[in-house]
**Q** 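Sending over a structure as structure tokens; questions will come in a sec.
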Amino acid sequence: MCLLSEISMAEKKVNATTKEALKKNTLFDVYELKGEQDGSTLLVIGGIHGDEPGGFFAPALLIDLYKIKKGKVIVVPNLNPDSIVAFRRGIYRDMNRKFATIKRNDPDFNNVQAIKKLITNEEVDFIINLHDGHGFYREKWENSIFNPKAWGQTYVIDQKTLDNVPFGDLDSIAKQIESKLNQRLHYDFHTFGVRNTETRIKDEEQQNSLTFFAITHLKPALAIETSKNITELPLKTLYQISSIEALMEILDIEFERKFELNLENIAEKINDFGSLKINHNITLDLSNVRSIINFTPLLAQKNLFDFTHPLGSVKKTKEGYEVYIGHKRISVLKPDIFPMQCDLQTMEIELDGKVAQAHFGETLDFQQDFLVRKVEGVRINVIGYSKKGIISEHDILINKANIDKRYSLDKTRSIFRVEVYHGKNFCGMINLHAKE
Ligand SMILES: [Zn+2]
């Protein structure tokens, strides 16, 4: 659910991918949040490492819940989509070690090349790369968790400054964010620090990283690392989002968000998975969907999956289609294959006696009963309802008490499937929500 209703998702998505069920080497998504007033441009990159969810849920919330008033924010929430679904650092090995050189046949090649192009884009003024790192950074060694080699809770810079470049004072910018964040920690030991890797002279490995690639192309960049040792995703995401806000202020990017920035609200937003539209004729509300949906009417191939959530994706397996939000597997759709050559657009349904025009993929409320009106040659199947000798369940007044609730779409057992067929073809599904 989007609080800023004036932001249309369609407008924001640049390389609009109505996603086809996954092939390998999925390309990342790009969103553009543009203010009415001109200003600096920030590029936010999330999900370079697939097992660092703070780094990909924060940009997803940025896309959904922020409106930019001045300047521009370009957001890539999922730089490494296949690794996010697998919840692994890098299923084709570490993508953040491929920015100095990469072979053409490397599965990460296309994503690395495409993000390099975005990074070096003339309009980009500043770049952040988001991670969850191990441990908690401390200037002095305390133990294996708290030490100077830890990446967690750091702003990582490759060098102190990038001379003669606007916003090139990386050390000072990182320290400003650090001091702001350290004033609002949830636990004292979550202190942020600035870690300068001095990449050019001291850190050969880091020379292969995304931020160092940016630096060498005269683009100011830093990495934001929350800690892998913080297990609560909402808290990590809150730290990430707060850091991004602090940076936007430094870059004079003005924004609006219509919720108060606190842990409770972030937790609520993270658990809002939005909806999934399939082939323009089925819609699933993902926040409360059952973990298995049996007999999902689908095409034999080239199914279209369109998520409202920036981290939505689908993975085809032997079982069917696994539906993901980020690394979280939300549901498995077990397919029932149909052709879908059907001209029908709407159906007339009486809901508690009142007639409504229902579009496929729509959810309509009722309280007691409903009746789907007959259309010549069309078969109606209300899943969880049956009456002996009846093939098509049209023109029958069906009370909610007569539907087997085990067949609901949702975990709370209140949303039921009305499926419409014409000959061999599946036309679409209408969701009927039984209100208390
Ligand atoms: Zn990382």
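We use all heavy atoms of the structure for the numbers below, so side chains are in, but hydrogens, waters and symmetry mates are not. As the structure lists them, so they are numbered: ligands from 1, and atoms in each ligand from 1.
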**Q** For the pair Asp158 and Arg200, find out whether any cationic side-chain nitrogen is under 4.0 Å from an anionic carboxylate oxygen.
**A**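 Looking at Arg200 together with Asp158, the answer is no, because their closest N to O distance does not fall below 4.0 Å.
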**Q** Given 3.5 Å as the limit, does a donor-acceptor pair link the side chain of Lys180 with the main chain of Leu247, or not?
**A**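 A pair under 3.5 Å: no.
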**Q** So which protein N/O/S atoms does the Zn ion (ligand 1) have within less than 2.8 Å?
**A**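 Only His49 ND1, Glu52 OE1, Glu52 OE2, His131 ND1 fall inside 2.8 Å of the Zn ion (ligand 1).
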**Q** If you measure from the Lys or Arg side-chain nitrogens to the Asp or Glu carboxylate oxygens, is any gap between Arg417 and Glu419 under 4.0 Å?
**A**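 Salt bridge present between Arg417 and Glu419.
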**Q** Any cation-pi pair here, Lys236 with Phe57, using under 6.0 Å and within 45°?
**A**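 No - Lys236 does not lie over the ring of Phe57 by the 6.0 Å and 45° rule.
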**Q** What do the steps show when you test Phe99 against Phe212 for ring pair (Phe, Tyr, Trp, His ring centres under 6.0 Å), and what is the final call?
**A** CA-CA 8 Å; Phe99 282 80; Phe212 192 68; over 10 Å; no
**Q** Ring of Phe259, cation from Lys269 - is the NZ or CZ under 6.0 Å from the centre and inside 45° of the axis?
**A**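 Relative to the ring axis of Phe259, which defines the angle, Lys269 lies inside both limits.
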